[in-house]
Amino acid sequence: MKTSKNTKPSKIFTYKIGGIAGGGQQVAGLIFTKACVRGGLYTFDSSEYPSRIRGGLVTYRVSISDQPVNAIYKTTQLLIALNREAFDYCLPDMTKDGVILYDSDKFEVKPGETKGVKTYPLPLAKLATQAQIKPIAGNMIVTGACAALLGYDLEILNEVIKNTFADKGQEVVEMNITAVKFGYQYAKANFDVDKFPYKLKPINKNDQSIIVTANDTISLAAVACGCKFFASYPMTPASSVLERLASWAHLTGMVVKHPEDEISAMHMAIGAGFAGVRSMTATSGGGFALMTEALALAAITETPVVVIESQRPGPATGLPTWTEQSDLAYLATAAHGEFIRVILTPGDPWEAFYLTTQAFNLAEKWQIPVFVLVDKYISEGHQSIDQPDSKKFNIDRGQLLSDEQLAKLTDYKRYQFTKSGVSPRAIPGQKGGVYLANSDEHEEHGLTIEGFDALTRIKMVDKRAAKLAGVLKDLPKPKLYGPKTAKLTLLGWGSVKGPVLEALKVLDKVNYLHFSAAWPLDKAEITKQLKGVKKIVVIENNHDGQLANMLEQVGVKITQRLNKYNGAQFFPEEIIELVSKLK
Amino acid sequence: MKTSKNTKPSKIFTYKIGGIAGGGQQVAGLIFTKACVRGGLYTFDSSEYPSRIRGGLVTYRVSISDQPVNAIYKTTQLLIALNREAFDYCLPDMTKDGVILYDSDKFEVKPGETKGVKTYPLPLAKLATQAQIKPIAGNMIVTGACAALLGYDLEILNEVIKNTFADKGQEVVEMNITAVKFGYQYAKANFDVDKFPYKLKPINKNDQSIIVTANDTISLAAVACGCKFFASYPMTPASSVLERLASWAHLTGMVVKHPEDEISAMHMAIGAGFAGVRSMTATSGGGFALMTEALALAAITETPVVVIESQRPGPATGLPTWTEQSDLAYLATAAHGEFIRVILTPGDPWEAFYLTTQAFNLAEKWQIPVFVLVDKYISEGHQSIDQPDSKKFNIDRGQLLSDEQLAKLTDYKRYQFTKSGVSPRAIPGQKGGVYLANSDEHEEHGLTIEGFDALTRIKMVDKRAAKLAGVLKDLPKPKLYGPKTAKLTLLGWGSVKGPVLEALKVLDKVNYLHFSAAWPLDKAEITKQLKGVKKIVVIENNHDGQLANMLEQVGVKITQRLNKYNGAQFFPEEIIELVSKLK
Amino acid sequence: MATEKDFLTPVLPTWCPGCGNFGIWTALRQALAELGLEPHQVVMSFDIGCCGNGANWHQVYGFHSLHGRPLPIAYAVKLANHDLKVITISGDGGGYGEGGNHFIHTCRGNIDITYIIHNNHRYSLTTGQSSPTSEHGAKTKSTPDGLIEYPFNGLQTAITCGATFVAQGYSDEVVHLKELLKKAILHKGFSLVDILQPCVIFNEKNIREQYKQKVYKLEETDYQPTDKITAYQKAAETEKLPIGILYQEEKPSYESQLPQLAKMPLVKQEVKKEDISQLLEEFK
Amino acid sequence: MATEKDFLTPVLPTWCPGCGNFGIWTALRQALAELGLEPHQVVMSFDIGCCGNGANWHQVYGFHSLHGRPLPIAYAVKLANHDLKVITISGDGGGYGEGGNHFIHTCRGNIDITYIIHNNHRYSLTTGQSSPTSEHGAKTKSTPDGLIEYPFNGLQTAITCGATFVAQGYSDEVVHLKELLKKAILHKGFSLVDILQPCVIFNEKNIREQYKQKVYKLEETDYQPTDKITAYQKAAETEKLPIGILYQEEKPSYESQLPQLAKMPLVKQEVKKEDISQLLEEFK
Ligand SMILES: Cc1ncc(C[n+]2csc(CCOP(=O)(O)OP(=O)(O)O)c2C)c(N)n1
Ligand SMILES: Cc1ncc(C[n+]2csc(CCOP(=O)(O)OP(=O)(O)O)c2C)c(N)n1
Ligand code: SF4
Ligand code: SF4
Ligand SMILES: [Mg+2]
Ligand SMILES: [Mg+2]
């Protein structure tokens, strides 16, 4: 996939639609996004919505460009305000020469209110009646009007509509096409469309790109690399992994279980891992809190397990439908006792795919729990990307004993002391491999020891800890984006990557070191990478500066921390502004 | 209490008795210990036992001195081996001029086996028959023999026996006194008691000292400072807090609840705190893992709660009846989201008492969760100490609104923004104080907000975080033991304190900085205290060096780490040896 | 005296128009007012869910806790101050799924709490996954191929585990529900009111018609809620759905058996330095 | 063919002499041998407790999990490889207390697992606190003033929640227990065997006499374990204690309803790169 190439900034167009929940903003928005992608453009979108099912403000925002786009932008060129609340909330982000369409059947805009931003009324109820369509398709009138303003190809739009509503029948398809056409013509007739300075042109016909969230690519990756067992209890913003995998189960043959609670989900994932199946669970921070005890169980029994954790602002229920990066420090030391776990921190859907395949390899090769830590912003925001390439990952199940190998062993030791810390696994059902996976400290066969046998205790702790060296070698190294040398280096993990990459397109002599694996940290590697770096600025979507704290522990001198914890991700513009001040 | 005064080392005598579980070693040992304390001596004891109810090796060890003693010593002067396993396990700790008594009805000691250590056979079954006592009182024959060897006063011993067995009836008391006397005379007659170089003499009649574990003093402190609600699910080594408090409930009026699981226990403690009652729970690391989600609930609702966590070696079930300091890093960042919690880390029963009273004050004053983090070594090992002094602690309930104050308010805001971060509390039942304690992010009344109201989110995070400054001021500062200036400074937390203080009695130009509060760390204070310190050695009863890691994060340059993770605590001798090599 | 309006906060409900939760809300407010209670005399703990969102529009001392956990909060509040009326709101997901263990064990102790389940047979706030009470075969977001499990019967389980007041209500029968809730709140001991609650988004479209056809009032039959086995069998009915009290029994409540609380509630006992000298004797 | 000795590890039991667990252990080993099973064909998951300590002397693929959690481990093992016989060992504390939620929900799905409860009415390994099955009024370490709660009835709850095989056993009736365990293991679906197990340390001194007087065999009566309500009532008996099958029903097991498992167990399906192109279409 083509991510930021640090070329000169391409033109970015940002469109936002806001209204009452259930108003169909997200559907309308996504259709428009799809139409853009079909025309060879690139998109990144995000929704804001409250923790309720109907009512309340819901917005959908997408940034579009003829170059890959890695984040949503704050500055909005086209706003569709379906109610007063949306209007008030979104107005501050409008660019001077942008346009606001508003539902004039719902509210009036007073003169001067927009400080010069052009507005056009769109009386949606009336227009729906006029167009003889159901009010529910009003959002397609909007879409048509947008297409007119932007000069976008109606053909492509109609195609997307056909695909989207195909399973709802011809009638629905036609109604929506009618609505789009009506909106298009209405805008042409009533708005000064030519004066709108932002135009979108299809570049080429693209039926290869996919529009996906990180939850989507995580789900795809799990399927692609042979995960056959998934147990998960629903929790925003992780739920869509459960829903996707469940909806695919009849195709993929995966067993998908929604159990009574997260405690059960995690133990099931561990049980399946013990039984020899690649297995996974997914949750958010609060759900993971209930899995914490079992994390230690996976560790001491050396059972591979992959845990997807999608963060939202805490503590406790917090802001359940918003975003934050505030569980890293927690996961890094979660659970009683001491043991190794890996935390992979993809920054976008593309990375999430490959890191998830790697998570399974790391879990099986090192027989440890592995996290893929994402957050609401990328779990639910879509990016248009190329299709994942199955040549770009491999499958490594680590040391599994064959029946033949087991037959040759007279005294199989599941937890044999080895230099790497890894001991070959037998799988229940295999003859000659019978052993005890034991949450008590144990000797090499897995049988319980007491502290009287202090030497075995020490050796077993050392064996498990010995994996660290090998794990560090296998982890993705922090990756540098932007110029090799710079005046200022941004450091970050997870979803800050996108907005930072966008900011780099503008910022001069600034580069970005991205941590795709935020734990464990490789002091030697980091020291090497940061050698000669003058200003280190750690940017995180949290209050405490969790990676920053961890980096300080390995001796990194941090010049500045940039933190945001209002429930939203960083915008490229904010980063540009903040960093410009620091340079 | 008189702890280490860094005087020249007083003589330490260590006695160890080992045998099969259920053999009464702990009872016999504790009786002897009590007799010592009644005679004005000082003691520190510890037991080793497996995670089973009968059978297996159980040992009891006590170090005795005419000066306060803060740890058990490894070097043993008198060993009573009731079976072969105990003999083999304990032999390596014997000092050359010590004596081993062994139950020659159970096993034989081969010549040369002890490498010169003197042994005396004690055919317990035969002696019991001879003495016409039940075999169960055999351990009192042993005690009598020990008294003979040590030249200790039989009067005091008989007094303790009378007290101990008073509720079992005169017959039992007499049988035990007979047994002691018999053992005493047998030893006088058959052993070369005069040649035994270690003698214990009563100093004065002491009926004031108490012999307690940290669990005991924590329980006492909870009662003393008005904790009225305690919910806890049993888990070694925390269970004795539940058992003590339950057994006292009819006297203290405390409500003590053993609920279905730890999740419930923690939520109950929070519920009672919300309802205005001082409340507490107690568990070990694995149980706390199940409370982790609720920790975040206490934080966001700003509900005071005290959590006792007694550590044991992990991960998972680990070594459930042994000791380790491996949950500090976990507790410091436990739970999703970011918030303040305090971790108090007493080093001995005396400190545990005062820090527990302080825990309740901190929890109520700052409306936060507060941990008292101990471990098996001090939760179950007894030390002889002075009685706690009720003048040495105070009760501070923080900002509670009276009915009168509430009556004057027209718009009560439970979560009012304040500079300190603390907002005055109303208690359910009070008129005019109705509010919502809300796990969702909320505005000042407690009502749910969404991320659309980003400003309130930021202010609420800042409000909660603002407490840090005040909390740091209220926390006990790291305390220096030993000479003001030294060549080498040991740093530690919790139960390493005792063995280190003992080692300081011998080590020259070494001092010890004890962290009674291991979290949050006060960078400024630590920097000040460590100014000019040459060699910083962090000593911890864990593998990872958890405090060391945290100290590095606040910029402390650590020369060396000393770690022990075999399931046992440090011995003073080990520390002396390790540190001597470093100087 | 407080009226039902006094139990309103300034917040307007965020429930979907037509949601069954409205009926429960109204019935409860009316019940509280008719019982002569004041907002400050009532503590309500809430689950996380559509039901739990109601925490914002109930003017009482509220505790919006965690998913599945409002019951142990309520338990401790009652022990801390038994002068308060304590009511807990859960969903079928939070109450019987995530919080199932608290439910079965709270029944056993007969603590004087009223436990209200907003039973819409779905995880609604998380947009419609199956819940413990979803019907066998239900195709939901988390079980698109049909739910294999059979539904959990909260009424039968409560009877089995020792609840002393077990009732079923229907959110559209507001007056009936109000009376039921009053009885539940007045009952000295643990009362479960499991309320059939239409979710207009995630239930079948004709859910209200289904309920209309199936629901009948026990008071209009000669049913007597005094025998456990009869109640247990009644609670199994699914073709027709009985509303009213299925089972009631007088038994001492948990808190009434604690001598610690005989004189006054814990919270009214002054927090002061207590004399521990008697306890210290044990350690000499 | 394996004999009961083949199910022994080199470790000697650490249970107290006279502990009821010995009888269960013997009966189970004999049952496995008589069913013609080999150690590697059996997976057992164990709770933490005296019962769970047995993990060390059962020669099978074992998983000594966490307190209260062996059931979800077993659940997943069965789903991962339904060719295995899967058996779970819990105590009354772990199984009905800490793990109560897993219990009630595992019953609902009828997964083919045999769930054995070593019911000694106490938390024994933690030295004798009350458990969910302790008698009302029990004076234990955690309830020195007497337990207020009434005991949890695992048999009735299992019947209520949909278990298809519900039995009570007695550890001293080893032959009877062996036959019972064989039937439970052969039963296709979720089977609960709740075993009265004397704890010679923490039960009343005369516990064995009590059981001797109370226990009777259902097979020696004309009891038929086919009707739910009859079984439910039978399960309530405490004056006399019926041992044998209280309830049995044929119903498809959970794993048998998964088309994913029709061809072969999950674990036998090769782990390889899977083609996801069809799934990708959804995202275009
Ligand atoms: C520990 C935890 N797990 C999951 C969630 C996500 N969650 C919020 S509400 C809910 C289910 C709601 O279902 P129910 O209790 O039936 O309430 P309803 O919304 O149907 O009223 C879930 C799973 C959570 N908040 N916390
Ligand atoms: C999460 C957790 N809480 C508490 C414990 C401590 N614990 C170990 S065994 C046990 C109870 C054992 O009772 P039961 O399950 O009845 O087994 P038994 O010992 O009676 O056979 C407890 C509470 C634990 N290991 N883990
Ligand atoms: S989703 Fe269902 S339960 Fe939730 S508010 Fe809407 S109608 Fe009510
Ligand atoms: S304590 Fe009781 S249950 Fe545990 S091994 Fe001993 S007799 Fe058996
Ligand atoms: Mg529901
Ligand atoms: Mg038990």
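Chain A is the first sequence line, chain B the second, and so forth, proteins listed ahead of strands; every chain is numbered from 1.
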**Request:** Could you look at A:Ala332 and say if it's the side chain, the backbone, both or neither that has a heavy atom under 4.5 Å from chain B?
**Result:** neither
**Request:** Using non-hydrogen atoms and a 4.5 Å limit, figure out which bit of B:Asn438 sits close to chain A: side chain, backbone, both or neither.
**Result:** neither
**Fill in**
Honestly, the part of B:Phe288 sitting under 4.5 Å from a heavy atom of chain A is neither
**Asked** How many angstroms lie between atom CG of B:Leu328 and atom OG1 of A:Thr333, to the nearest 0.5 angstrom?
**Response** 9.0 Å
**Prompt:** Is B:Asn549 reaching over with its side chain to a backbone N or O of A:Gln553, donor-acceptor style, under 3.5 angstrom?
**Reply:** no
**Asked** Relative to chain B, which segment of A:Tyr89 carries a heavy atom at a distance below 4.5 Å: side chain, backbone, both, or neither?
**Response** side chain
**Request:** Heavy-atom pairs under 4.5 Å with chain A are the metric here; pick the option from B:Gly451, B:Ala465, B:Gly567, B:Ala454 that has the most.
**Result:** B:Gly451
**Message:** Quick check: do A:Tyr330 and B:Thr292 have side-chain heavy atoms less than 4.5 Å from each other?
**Reply:** yes
**Complete:** Interface check, chain B: of A:Ser439, A:Gly337, A:Ala568, A:Gly285, most non-hydrogen pairs under 4.5 Å belong to A:Ser439
**Fill in**
What one should report as the nearest heavy-atom pair of A:Glu338 and B:Gly545 is OE2-N, 4.3 Å
**Request:** Please report the shortest heavy-atom distance between A:Pro313 and B:Arg457, naming the atom on each side.
**Result:** CB-NH2, 3.5 Å
**Prompt:** Can you say whether A:Ser51 sits under 4.5 Å from chain B via the side chain, the backbone, both, or neither, judging by heavy atoms?
**Reply:** both
**Message:** Minimum heavy-atom separation for A:Ala296 and B:Ala316, please, with both atom names.
**Reply:** CB-N, 3.4 Å
**Asked** Just wondering, do B:Leu319 and A:Phe452 contact through their side chains at under 4.5 Å, heavy atoms?
**Response** no
**Prompt:** If you count heavy-atom pairs under 4.5 Å with chain B, which of A:Met550, A:Gln546, A:Lys557, A:His442 comes out on top?
**Reply:** A:Gln546
**Request:** For residues A:Ile263 and B:Leu290, determine if any side-chain heavy atom of one lies less than 4.5 Å from a side-chain heavy atom of the other.
**Result:** yes
**Top contributor to chain A interface from B:Gly314, B:Pro315, B:Ala294, B:Ser284 [non-hydrogen pairs under 4.5 Å]** = B:Pro315
**Asked** Does B:His543 reach the side chain of A:Asp462, with side-chain heavy atoms less than 4.5 Å apart?
**Response** yes
**Message:** For the interface with chain A, which of B:Glu450, B:Glu552, B:Glu441 has the highest count of heavy-atom pairs at distances below 4.5 Å?
**Reply:** B:Glu450
**Request:** Select one option (side chain, backbone, both, neither) describing which atoms of B:Arg464 are under 4.5 Å from chain A's heavy atoms.
**Result:** side chain
**Fill in**
Counting heavy-atom pairs under 4.5 angstrom with chain B, the leader among A:Ala299, A:Ser326, A:Ala334 is A:Ser326
**Prompt:** Looking only at heavy atoms, which two atoms of B:Ala289 and A:His336 are closest? And how far apart?
**Reply:** CB-ND1, 4.2 Å
**Message:** Using heavy-atom distances under 4.5 Å, tell me whether A:Asp453 contacts chain B through its side chain, its backbone, both, or neither.
**Reply:** neither
**Message:** So which residue, A:Asp440, A:Val554, A:Val461, ends up with the most heavy-atom pairs under 4.5 Å with chain B?
**Reply:** A:Asp440
**Prompt:** Among B:Thr456, B:Leu297, B:Asp544, B:Asn542, which residue forms the greatest number of heavy-atom pairs with chain A at distances under 4.5 Å?
**Reply:** B:Asp544
**Item:** Partner chain B: residue of A:Gly56, A:Ala329, A:Gly555, A:Gly318 with the largest heavy-atom pair count (under 4.5 Å)
**Value:** A:Gly318
**Prompt:** Out of curiosity, B:Ile458 CD1 to A:Lys564 NZ, how far, rounded to the nearest 0.5 Å?
**Reply:** 8.0 Å
**Fill in**
When rounded to the nearest 0.5 Å, the distance separating CG of A:Asn566 from CE of B:Met460 is 15.0 Å
**Most chain B-contacting option - heavy-atom pairs closer than 4.5 Å, from A:Ala335, A:Pro320, A:Ala298, A:Gly287** = A:Ala335
